[in-house]
Amino acid sequence: MKAHQLKLYNTLSRQKEDFAPINPPFVGMYVCGPTVYGDAHLGHGRPAITFDTVNRYLTHLGYRVRYVRNITDVGHLTGDADEGEDKIAKKAKLEQLEPMEVAQQYTDTYHRDMALLNTWKPSIEPRATGHIPEQIALVEAILNEGLAYVVNGSVYFDVLAYNKRYTYGKLSGRVLDDLMTGSRDLDGQGEKRNAVDFALWKNASSEHLMKWPSPWGLGFPGWHLECTAMSSKYLGTQFDIHGGGMDLLFPHHECEIAQGNACNHRDPAKYWMHNNMITINGQKMGKSLGNFITLQELFTGKHPLLEQAYSPMTIRYFILTAQYRSTLDFSNDALRAAQKGYKKIINGLRIVRSMDYTPNSEIALDGEQVQQVEASITAAYRAMDDDFNTAMAIGHLFNLLKKINSIFTGQLQSAS
RNA sequence: GGUCGCGUGGCCGAGUGGCUAGGCAGAGGUCUGCAAAACCUCGUACAGCGGUUCGAAUCCGCUCGCGACCUCCA
């Protein structure tokens, strides 16, 4: 097979770049996983399938991929960084469970659903609570750099100080001055020196369920820190691809870059990839709006908005019929179309597998047919090489399918 | 308000200057028992206005509409 020049869109540069791993043939990829306090919904399916496709395609091209996707089981607050409640702990109180029971339960359902969507497991799936010492070490390193400060047992990242040495906002295209003036309400600044500062470590109140001892007292890590801790531990301080949903671009990924630079004096990732959102009636499907449909509801059809059940592979196909950087709108019509399209592809695959490939086969392909088949295959590869354009690739697959079916029909006729 | 992005036929969804995207749905046919599968043919597009060009869905400008992020969200 001829060499592929894979191009991928790098959010950092806002353009498609030639993919060149730091240390080929190895590729390190980190993707932000779920916060496990509820069932996975359609929106969670998209990054899982998107980066599964990246993983599979890179592997197919001969790269050796180490794919790390975390489980966030602590530190992800509801509401404002200062006032919010831990999402896991909140759910635990609600259901009268240990926080880790909540995390375990939804980690299990997440795994179940991801397996149904036919995604490969990550090479490593670290948990935030399993990396508290690493996170504390990072906080100390950032403090030593003079880029963080301690207040009442909490540690905050000093964005202004950081911005004097580095550029805060380069991933999301934000300018610090605008962020400062644009900060809307005065609530939530609290003990922070500046509203743009973010928590590295939070002091835990006595009623707080999940807390660990630290040099600053009992507390828990800030949300952004876990990804820096786990990615650098398993992929090194600079790795190839960092992925996640577009909604994590700011502040989460921006903060990861800041933390990485503060500790290691380099950007954590060479390429940043962001999948776009799934929408419903044109609006983002998400927890906050409550307009989400869980994957299990899709698989069983048990949701008021669903006219029928859709198989996991229909969902996977549906997601892949759009380029990952486009929004994708949910509707029953769209899913039904996906269901039939997927079935058609699988039928074609069955035919291909049943075909006889022995040299003396009665199937005599003429040069033109061979050329057409090869052209479709090449085109499909070209689409994949162009920033994983699965929508285009699938289109070419259908062209290929048509050819194969024609040849198959001809084979039947000549055999009879 | 700031930053960014989007608007393609009944429904999805590609495509960045000229060369059929594709799928689903619809109409007709191969098929003269029914159904399924497959194949062939067909129609309906590029938000609006103006500009650049021999030529624009594709470039430029304006208008309208929509969304994302700026707070937790994949």
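Since the model is a prediction, treat every value here as computed from it, not as a measurement. These values consider heavy atoms only, across backbone and side chains, with no hydrogens, waters or symmetry-generated copies. Chain A is the first sequence line, chain B the second, and so forth, proteins listed ahead of strands; every chain is numbered from 1.
Residue K340(A) places at least one side-chain N or O closer than 4.0 Å to OP1 or OP2 of rA25(B). The phosphate of rG15(B) (OP1 or OP2) has a side-chain N or O of N389(A) nearer than 4.0 angstrom.
With rounding to whole Å, I394(A) atom CD1 is found 12 Å from rC12(B) atom C1'. Rounded to a whole Å, the CZ atom of R325(A) is 13 Å from the C1' atom of rA14(B). Whole-Å rounding puts the Q283(A) CD to rC66(B) C1' distance at 10 Å. If you take CG of N194(A) and P of rC70(B), they are 18 Å apart, rounded to a whole angstrom. Taking atom CE on M246(A) and atom C1' on rU3(B), their separation rounds to 14 Å, with Å as the unit. A straight line from CG of L397(A) to P of rA21(B) spans 19 Å, rounded to a whole angstrom. The nearest whole Å value for the distance from the CE atom in M384(A) to the C1' atom in rA14(B) is 15 Å. rC11(B) atom C1' lies 12 Å from atom CZ of F318(A), rounded to whole Å.
A 3.5 Å limit on both hydrogen-bonding distances identifies no Watson-Crick or G-U partner for rU71(B). The partner of rA14(B) is absent, by the rule that a Watson-Crick or G-U pair needs both atom distances under 3.5 Å. Pairing of rG55(B), defined by two Watson-Crick or G-U wobble distances under 3.5 Å, is not identified with any nucleotide. When both distances must be under 3.5 Å, the Watson-Crick or G-U wobble mate of rC19(B) does not exist. The partner of rC34(B) cannot be assigned: no Watson-Crick or G-U wobble pair with both contacts below 3.5 Å exists in any strand.
Aromatic ring orientation, Y168(A) versus F198(A): parallel (interplanar angle below 30°, classes split at 30° and 60°).
Summarising the geometry of Y162(A) relative to A262(A), their closest heavy-atom pair is CE1-N, 4.2 Å, with the distance given to 0.1 Å.
When distances run from any side-chain atom of S331(A) to the nucleotides rC70(B), rC69(B), rC11(B), the shortest one goes to rC11(B). Distances were taken from every side-chain heavy atom of R174(A) (C-beta onward) to each of rG2(B), rG22(B), rA14(B); the shortest belongs to rG2(B). Relative to the side chain of A337(A), the nucleotides rA14(B), rC70(B), rG23(B) differ in distance, and rG23(B) lies closest. Among the nucleotides rA74(B), rG13(B), rC69(B), the one closest to any side-chain atom of M285(A) is rA74(B). Closest to the R14(A) side chain, of the nucleotides rC24(B), rC4(B), rC69(B), is rC4(B).
Side-chain atoms of N70(A) and Y30(A) include a donor-acceptor pair closer than 3.5 Å. The closest side-chain donor-acceptor pair between Q283(A) and N291(A), if any, does not fall under 3.5 angstrom. Q296(A) and D113(A) are linked by a side-chain donor-acceptor pair at a separation below 3.5 angstrom, with hydrogens and angles left out of the test. No hydrogens or angles considered: nothing links the side chains of D73(A) and Y106(A) as a donor-acceptor pair under 3.5 Å.
Residue contacts for H274(A): at a heavy-atom cut-off of 4.0 Å it reaches no nucleic acid atom on any strand shown. Using a 4.0 Å heavy-atom distance criterion, D329(A) is classed as a sugar-phosphate-only contact. If you check every strand for non-hydrogen atoms under 4.0 Å, S288(A) touches a base. Across all strands, L328(A) comes closer than 4.0 Å only to sugar-phosphate atoms, never to a base (heavy-atom distances).
A ring-centre distance under 6.0 Å is found for H131(A) and Y234(A).
Straight-line distance between the C1' atoms of rG43(B) and rG55(B): roughly 26 Å, to the nearest whole Å. The C1' atoms of rA68(B) and rA57(B) are separated by 24 Å, rounded to the nearest whole Å. Taking atom C1' on both nucleotides, rU53(B) is separated from rC59(B) by 10 Å, rounded to a whole Å. Separating the P atom of rC46(B) from that of rU8(B) is a span of 11 Å, rounded to the nearest Å.
No side-chain donor-acceptor contact under 3.5 Å links N203(A) to the backbone of G219(A).
E307(A) and R336(A) are joined by a salt bridge, as a carboxylate oxygen and a charged side-chain nitrogen come within less than 4.0 angstrom of each other. Checked for salt-bridge contact, K90(A) and E85(A) miss the test: no charged N lies under 4.0 Å from a carboxylate O.
Considering only residues two or more places apart in sequence or on other chains, R56(A) meets the side chain to side chain contact (heavy atoms under 4.5 Å, CB included) condition with D52(A), N118(A), W120(A), R316(A).
Of the residues in residues 100-123 of chain A, not one places a heavy atom less than 4.0 Å from an atom of RNA chain B.
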Do nucleotides 34-40 of chain B as a string where each nucleotide becomes B, S or -: B if the base has a protein heavy atom under 4.0 Å, S if just the sugar-phosphate does, - if no protein is that close. ---SSSS

